[in-house]
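Reading through the structure tokens given below for one structure.
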Amino acid sequence: MHFNAEELEKKGKLVKKDDRYEVYDVEMSNLVLSLTKLFPGKATSGHYHEESEEVYHFLSGRGRIKLGDKEYEAKAGDIFTVPKDTFHQVINTGEEVLKFIAVFEKYEGRGAKLKAIIPAAGHGTRFLPITKAQPKEMLPVFDKPVIQYVVEEALEAGIDNILIITGRGKRAIEDHFDRSPELEQFLEKAGKHEMLKEIRRISELANITYIRQKEALGLGHAVLQAREFVGNAYFAVLLGDVITSPPCIGEMLEIHRRFRASVIALQQVRREEVSKYGIAELGEALGNGVYELKDVVEKPSQEEAPSTLAITGRYILSSRIFEPLARGERGYGGEIQLTDAIRRLIQEGERVVGYIYPGRVFDIGNKLDWIKSTVLLSLESEFRQEIVDFLGDLELGR
Ligand code: UTP
């Protein structure tokens, strides 16, 4: 790339000017070229960028650049790369104006910490009558409600700003993550200190906000409720009734950072089952189970299904998804489908990649998966031997 300071100054938008410096930004497709004129004896600090590197190209003058705890001389022609998340500062040590250009990738939510949405407003009809008076997200899986596993998965990945989409009859979810002074007092008096610690830990887990989906019009409609909370940034979606083991969203965040794209978790299902899921059509392989996505289809027939790779309940999405969702088009079953909105994103040229997740996925909305997940987790607990003996005593298959 060839830089010309005069031209950049002419084309650029003056975004900052004070007694220290003048900054002109020029946007070029997905890049921003930021020309800085730093006055003699002055210094300027750059922001921390969580998600991208920045390249500093010095054009004229003399100075120094601090990158983390290292410091270097900088003069015309020098180029430095500022690694992600690194404090950096430029100091003009010369007699004349120090000119340099910072080049960085422009993308939504640059530098921002991702937020997570947990939709939990569905009716859970597959679990009636249990779900008549209690949310399926509160079903116990071994010793915790499903949704606690989901919140802990987000936290483990460093996402602590969480919005749970609830609806009528879902109060138990809010109560679960709230303080419970009477219960805490009771446990304290009864000397049950370990349990008290656990109860307090749950209420201090994360910064959780709630919003109600007034009518269960589908997963896409549930996600649309998060529009204001999300703003103009990528965000994670973790279905409130899906457990992944080992946790999937952390790996997806890495993929998102690498490809700067929306990421959808996928798993192989049997061909007879494709009509229960959103199914993906893969494009080019990008390595380590990651593929460009060409299309996604909600609940296709076996004949129409472009593959047997199903969307599994973990997503990282661009906030551009809200545009097709807000159009309110109804899809399969008369619902506003998230899969249909992802399809629109792809058609509109947004980059979406699929990650074939190699771990286990339990859809707790389905009875068989619920039982399997409890058995698996109990086998990882202190009851392991007793469960093994118990299953052995049943003389299964004999
Ligand atoms: P499901 O596809 O499991 O639908 O939703 P459901 O209505 O909850 O369950 P069934 O099929 O009637 O048994 C997947 C996720 O999306 C949420 C659900 O709470 C679940 O976490 N969801 C679904 C909403 O939040 N709102 C909706 O309108 C639909």
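Remember, it's 1-based here, ligands and their atoms both numbered in the order they're listed.
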Identify the protein heavy atom lying closest to [atom], giving its residue, its atom name and the separation to 0.1 Å.
| atom | result |
| --- | --- |
| atom 26 (N) of ligand 1 | Gln213 OE1, 2.7 Å |
| atom 4 (O) of ligand 1 | Lys136 NZ, 4.1 Å |
| atom 7 (O) of ligand 1 | His123 N, 3.2 Å |
| atom 14 (C) of ligand 1 | Leu239 CD1, 3.9 Å |
| atom 21 (O) of ligand 1 | Pro119 O, 2.9 Å |
| atom 28 (O) of ligand 1 | Gly218 N, 2.8 Å |
| atom 16 (O) of ligand 1 | Leu219 CD1, 3.5 Å |
| atom 11 (O) of ligand 1 | Arg126 NE, 3.2 Å |

> Under a heavy-atom criterion of less than 4.0 Å, does Glu215 contact ligand 1?
Replying inline: no

>> Looking at ligand 1, is there an atom of it that comes within less than 4.0 Å of some heavy atom belonging to Ile165?
In response: no

> Got a sec: does the CZ of Arg351 have more than 12 other heavy atoms crowding it under 6.0 Å?
Replying inline: yes

> Taking N or O atoms only and a 3.5 Å limit, does Glu137 qualify as a polar contact for ligand 1?
Replying inline: yes

> Does any N or O in the side chain of Thr131 come within less than 3.5 Å of the main-chain N or O of Gly124, such that one atom is a donor and the other an acceptor?
Replying inline: yes

> Quick one: does Ser307's side chain have a donor or acceptor within less than 3.5 Å of a partner on Ala280's backbone?
Replying inline: yes

> How does Glu335 reach ligand 1, if at all, at less than 4.0 Å between non-hydrogen atoms: by side chain, backbone, both, or neither?
Replying inline: neither

> Using heavy atoms and a threshold below 4.0 Å, how should the contact between Asp363 and ligand 1 be classified: side chain, backbone, both, or neither?
Replying inline: neither

>> For the residue pair Lys115 and Phe229, would you count it as a cation-pi contact if the rule is NZ or CZ under 6.0 angstrom from the ring centre and within 45 degrees of the ring axis?
In response: yes

> With a cut-off of under 6.0 Å to the ring centre and 45° to the axis, is Lys144 in cation-pi contact with Tyr149?
Replying inline: yes

If we count only N and O atoms by modelled type, under 3.5 Å, do the side chains of [X] and [Y] hold a donor and an acceptor together?
| X | Y | answer |
| --- | --- | --- |
| Glu54 | Thr81 | no |
| Thr312 | Gln267 | no |
| Asp25 | Ser34 | yes |

Numbered atoms and elements of ligand 1 in range of [X], under 4.0 angstrom, heavy atoms:
| X | answer |
| --- | --- |
| Ala222 | 24 (C), 25 (O), 26 (N) |
| Ala121 | 19 (O), 24 (C), 25 (O), 26 (N) |
| Gly240 | 21 (O) |
| Ala216 | 28 (O) |
| Thr125 | 10 (P), 12 (O), 13 (O) |
| Leu217 | 28 (O) |

>> Strictly below 4.0 Å, N to O, side chains only: are Arg62 and Glu96 in salt-bridge contact?
In response: no

> Strictly under 6.0 Å, is that where the ring centroids of His88 and Phe80 end up?
Replying inline: no

>> Would you say the rings of Phe100 and His57 are close, in the sense that their centroids are separated by under 6.0 Å?
In response: no

> Between Gly122, Ala120, Gly365, which one has a non-hydrogen atom sitting closest to atom 24 (C) of ligand 1?
Replying inline: Gly122

>> As a test of understanding, state which of Leu293, Ile255, Ile316 forms a side-chain contact (heavy atoms from CB on, under 4.5 Å) with Val353.
In response: Ile255

